[in-house]
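If you're wondering where the values come from, they're calculated on a predicted model, not measured in any experiment.
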Amino acid sequence: MSVERYNPGACETKWQQTWTDHGTFQTRDDDPGEKYYVLEMFPYPSGRVHMGHVRNYTMGDVVARFKRARGFNVLHPMGWDAFGMPAENAAMANNIHPREWTYDNIATMRDQLKSMGLSLDWSREFATCDVEYYTRQQQLFLDFLDAGLAYRRKSTVNWDPVDHTVLANEQVIDGKGWRSGAIVEQRDLTQWFFRITAYNDDLLASLDKLDRWPEKVRLMQQNWIGRSEGMTFDFDLVGDNDAATDQKLTVFTTRQDTIFGATFCAIAPDHPMAKAAAEQSPEAAEFIAACQQSGTSEEELQTGEKRGFKLDLRAVHPFLEGQTLPVYIANFVLMGYGEGAIFGCPGHDQRDLEFARKYNIDVIPVVVPENEDPAEFEISDDAYVGPGRIANSQFLDGKTIEDAKEDIAGRMEAGNFGKRTVNYRLRDWGISRQRYWGCPIPIIHCDSCGIVPVPRANLPVSLPDDVTFDVPGNPLDHHPTWANVQCPTCQGEARRETDTMDTFVDSSWYFARFTAPHADAPTVPEIANQWLPVDQYIGGIEHAILHLLYSRFFTRAMKATGHLDLDEPFAGLFTQGMVIHETYRKLDGTWATPDEVSITESDNVRTATLIETDEKVEIGNVEKMSKSRRNTVDPSDILETYGADTARWFMLSDSPPERDIIWTEAGIEGAWRFVQRLWRLVHDAKEQSSNDPISGNLDGPALGLRKIAHRSLAAVATDIESLRFNRAVAHIYEFANALSASLPTGDNPASATPEMKSVIGEALQFLIQGFGAMMPHLGEECWQAIGSEGLLVDRPWPKIDQSLLQDDTVTIAVQVNGKRRDELTIARDMAKQDIEKAALALDNVIRDIGDRPVRKIIVVPNRIVNVVA
RNA sequence: GCGGACGUGGUGGAACUGGUAGACACACAAGACUUAAAAUCUUGAGGAGCUGAGCUCCGUGCGGGUUCGAGUCCCGCCGUCCGCACCA
């Protein structure tokens, strides 16, 4: 009497169509339910959906469906982060227009996402490269410009001297351009910036309010903003032979307490004083040029060897009479931070120490740990950055670091050559990109009027279609006519800005646009305010800093310009882990794909061979799925073979969602078997079920099953609320196991008792509802199979009977001296003395204590009792 | 270099606020069903020891510490991963 196998292919299409026909997931702004906005980071349309997307969107969908069942009016939209470099790279490589490439990819990926059965409101879909979207972004830019939040200044870019083009950091490989191989140079360009630093304090302080964000993300943002209290002060400078000059060197420090340990000063290669030196000295110019022959990324600057160039200047120590310090141009000093100049204290800063060792500069320890003798304390390979007392510092000796900082600050301010300053690591956001496939910056450059914003009535500034990619550089620059325009002010000949915006701009407000995706203005403030903030945002940890910080800035800027009234865009944030996979390396060193190899296992040793040739393959590390390692698994293959529910179930199983998940063939097979098992279980259980009301006083197995049903669903609800999907999955397994075990088995055709039948009936509904958000198609099919009315997706979450959630008795562990010796099953909340008595009466306890006296008994109610003897 | 995380059986992981480590699953083994295989069902299991089904010891990357009690807290290592402002 076995049922036919569950056929996901047919069922999934059917239910997806049903939901579409019913308009199930079309969200209305005027729905009476409490709003809940769940959003997953929208994808870049790279070509095909990858497993990371499947995981991300499955998680979001479970939340969305669950909240729906809980009666919320759920907004769950999807769109495309569609501008960016890969489209231009494809254009260059394959001679296909970025627009065509992008929209083709979107079409493919939309189909793939739809086959996952996601509860998305597709009527709100947009791509950031839609002119309807980016024209509103241009409006925002103009508003920000009016509000003083956008401005122009010079900044440094990676310049490829052969291709004559600006390179992204990822296009700089080992200091060379990826295409030309030329050594990259740093070059100054005038660029547009958003004044994110205007919100330094607010962006930092508000992190405290984001209590549904991971602690680590808040910490990362805090460190990124990098508020530090310190001092800005001046060194007097003298010439080489102590010849007086009127020059001063302004430095920033957070460690003014270590001023007596200062043994040199250093300035950034692009510091004005360095530039001045370069004009006097060819050697200095050469050194600066060498410094600029590297990428602009901080990582590159910091990991490179510390190098310096000594200037013909010395800095006068402010507190040591007659003492002067050498001044260097140093490649590890950043112009963008503080004053672009520092004093070096090698004893207490690792970078300074490395520099000092290299150039034979003195190392004077001025902070000594409490338990060390200042006369003996020396610095060897590691700078000392811990707490301690000041030494070798005259009037500061013996003070704490804090007191010494205060003392110096007071003296500098009194002497009028320094002041306390708060400094931030966060820099303004450079948004200019010298590329075609991005949102044009709506600005016109006029020789007589200067910078002229494009009048709002003239928006959009659309990207021209007729562009070529045969020459490196920005196609907008090469376009014969596009940039030529009349100046809106003087009607004279003028030129459009040909830079486009950083794609981070596109993703900094899309969540707001989803609330009114077809509106003429960027947002409809009332509607945006109604839906925002996003209640649950889900995406990769790689966006922990930039995307999220920029979005937080945009929210503030849009508030300032009247587009919404909101403090923070994302009330709840969850960062999910990556999907990773084993790698397979062939004998010749190249990689094999997972479907090219076959794995066998014996005695816990797994070996891999190439299916085609039987050649042995080395099983390598488990790594992030990537094209270069060829360890990718195409979601479409999985969806076709196993169906969406199996793929979704596997993605939710086992691994905690914030951690990486290893994709394995065995894992997906296991999920597949469970889908089939549920299908059979539902049919078997249905035979033994009834819809009769459940009697009030159950006992025995019927009560047992009912408890499990209610407890499981209560647990699944908590698990989903707290996004612990792997535990929800485990609870469904337990529940299904218990229901299976409750069914009459064997040759005995006898059926369950009437009261058991009604309990099974309830359990069956609970089970289907319990996994329905995770495997929605199977859920609907089962729901229909047990003859319930309507669609599962429209059913409210079952009502849990709280009285079934707790047992009257508990089993607690009994320890002697912290080691478990026995256990006790006692009444819940039993009196302490009675527990102590019962514990001491246990044979194992008596034996273990022997004739030692009992010194203490610790009772933790309903958990444990520990006898200390 | 700087910043952030993570590390538990053969494997993925569970363990709520310091209270019975290993739930649940995968893989494995044995058995049932089958001509056979697949599928399915049942049973078993952290490691070591004791001559018996109970008990002892060891066990959460390594080394210390706090505590009646540590996977959980603290200090120091080791390893792996993520971000570093023009990848998205």
Side-chain angles (χ1 to χ4, degrees), chain A residues 2 5 41 43-44 46 81 83-86 157-158 166-172 214 216-217 219-220 222-224 226 295-304 306 332 336 350-351 354 425-435 502-504 507 540-547 549-550 575 577-578 580 601-606 621 623-624 653-656 658-662 664 666-667 669-671 673-674 676-677 680 718 726-727 729-734 737 740 745 811-820 822-823 844 855-858 860 863-869:
Chain A
S2 62
R5 284 189 139 207
M41 290 179 185
Y44 178 79
S46 56
D81 188 12
F83 275 136
M85 277 202 314
V157 294
N158 300 309
V166 176
L167 298 176
N169 281 339
E170 77 158 7
Q171 297 174 317
V172 179
K216 62 177 171 183
V217 175
L219 195 58
M220 280 193 250
Q222 184 184 315
N223 290 332
W224 187 261
T296 58
S297 81
E298 187 167 326
E299 184 187 3
E300 252 179 299
L301 298 175
Q302 300 273 320
T303 52
K306 313 253 174 305
F332 64 96
Q350 192 60 31
R351 289 164 301 179
E354 281 169 36
R425 211 184 74 97
L426 182 65
R427 313 197 291 258
D428 276 334
W429 174 14
I431 61 154
S432 293
R433 297 292 181 271
Q434 295 69 39
R435 291 183 224 297
D502 178 8
T503 56
F504 270 124
S507 55
I541 183 70
E542 65 273 19
H543 294 292
I545 298 177
L546 292 180
H547 163 60
L549 195 60
Y550 291 152
T575 54
M578 293 181 300
I580 56 182
E601 178 167 350
S602 65
D603 296 332
N604 291 326
V605 178
R606 303 170 71 247
N621 291 341
E623 293 182 41
K624 179 178 181 171
S653 306
D654 291 355
S655 290
E658 70 279 7
R659 227 184 280 179
D660 290 349
I661 187 171
I662 305 178
T664 62
E669 290 279 351
R673 282 199 298 271
F674 187 62
Q676 297 299 341
R677 203 184 128 205
R680 286 191 309 271
T718 321
N726 57 320
R727 301 209 312 190
V729 164
H731 282 120
I732 292 293
Y733 271 115
E734 279 180 320
N737 291 345
S740 275
T745 53
T811 301
I812 66 170
V814 180
Q815 299 182 334
V816 177
N817 292 338
K819 295 204 173 195
R820 186 182 166 281
D822 209 333
E823 57 184 36
N844 286 345
R855 288 192 288 152
K856 197 168 164 189
I857 302 179
I858 290 150
V860 182
R863 283 208 173 273
I864 202 167
V865 45
N866 187 12
V867 180
V868 186

I'd like to know if [X] reaches the base of [N] with its side chain such that a donor and an acceptor end up less than 3.5 angstrom apart.
{"X": "E298(A)", "N": "C84(B)", "result": "no"}
{"X": "R435(A)", "N": "C86(B)", "result": "yes"}
{"X": "E299(A)", "N": "C2(B)", "result": "no"}

Can you tell me how far [atom1] in [N] sits from the matching atom in [M], rounded to whole Å?
{"N": "G49(B)", "M": "G10(B)", "atom1": "P", "answer": "16 Å"}
{"N": "G9(B)", "M": "G71(B)", "atom1": "C1'", "answer": "14 Å"}
{"N": "A27(B)", "M": "U42(B)", "atom1": "P", "answer": "15 Å"}

Under the side chain to side chain donor-acceptor pair (under 3.5 Å) test, residues paired with R820(A) that sit two or more places apart: E823(A)

Side chain of [X]: nearest nucleotide among [options]?
{"X": "Y44(A)", "options": "A88(B), U20(B), C26(B)", "result": "A88(B)"}
{"X": "R820(A)", "options": "G12(B), U20(B), C57(B)", "result": "U20(B)"}
{"X": "A168(A)", "options": "G19(B), C87(B), A85(B)", "result": "C87(B)"}
{"X": "I864(A)", "options": "U20(B), A88(B), C24(B)", "result": "U20(B)"}
{"X": "N844(A)", "options": "C84(B), G12(B), C55(B)", "result": "C55(B)"}
{"X": "A730(A)", "options": "A23(B), C84(B), A27(B)", "result": "A23(B)"}
{"X": "E170(A)", "options": "C87(B), G13(B), C86(B)", "result": "C87(B)"}
{"X": "N158(A)", "options": "C82(B), A27(B), C86(B)", "result": "C86(B)"}
{"X": "E542(A)", "options": "C24(B), G1(B), G83(B)", "result": "G83(B)"}

Collect all protein-nucleotide pairs involving nucleotides 64-68 of chain B in which both atoms are nitrogen or oxygen and the distance is under 3.5 Å.
| from | atom 1 | to | atom 2 | distance (Å) |
| --- | --- | --- | --- | --- |
| C68(B) | O2' | N866(A) | ND2 | 3.3 |
| C68(B) | O2 | N866(A) | ND2 | 2.4 |

Find every protein N or O atom lying less than 3.5 Å from an N or O atom of nucleotides 40-49 of chain B, and list the pairs.
| from | atom 1 | to | atom 2 | distance (Å) |
| --- | --- | --- | --- | --- |
| U40(B) | O3' | R680(A) | NH2 | 3.4 |

Just jot down the ring-ring contact (aromatic ring centres under 6.0 Å, His included) partners of F332(A), sequence neighbours excluded, or say none. F355(A)

Which heavy-atom pair separates V166(A) from R435(A) by the least distance, and what is that distance? O-NH1, 3.9 Å

Looking at every heavy atom in both T296(A) and N158(A), which two are closest together, and how far apart are they? N-OD1, 2.9 Å

Does A88(B) have its OP1 or OP2 closer than 4.0 Å to a side-chain nitrogen or oxygen of T503(A)? yes

Under 4.0 Å from OP1 or OP2 of A85(B): is there any side-chain N or O of N169(A) that close? yes

Tabulate protein N/O versus nucleotide N/O from nucleotides 6-8 of chain B, keeping only pairs under 3.5 Å, one per line.
| from | atom 1 | to | atom 2 | distance (Å) |
| --- | --- | --- | --- | --- |
| G7(B) | OP1 | R659(A) | NH2 | 3.4 |

Please tabulate the protein-to-nucleotide N/O contacts below 3.5 Å involving nucleotides 3-5 of chain B, giving atom names and distances.
| from | atom 1 | to | atom 2 | distance (Å) |
| --- | --- | --- | --- | --- |
| G3(B) | O3' | N223(A) | ND2 | 2.9 |
| G3(B) | O2' | N223(A) | ND2 | 3.0 |

Does R433(A) reach the side chain of T503(A), with side-chain heavy atoms less than 4.5 Å apart? no

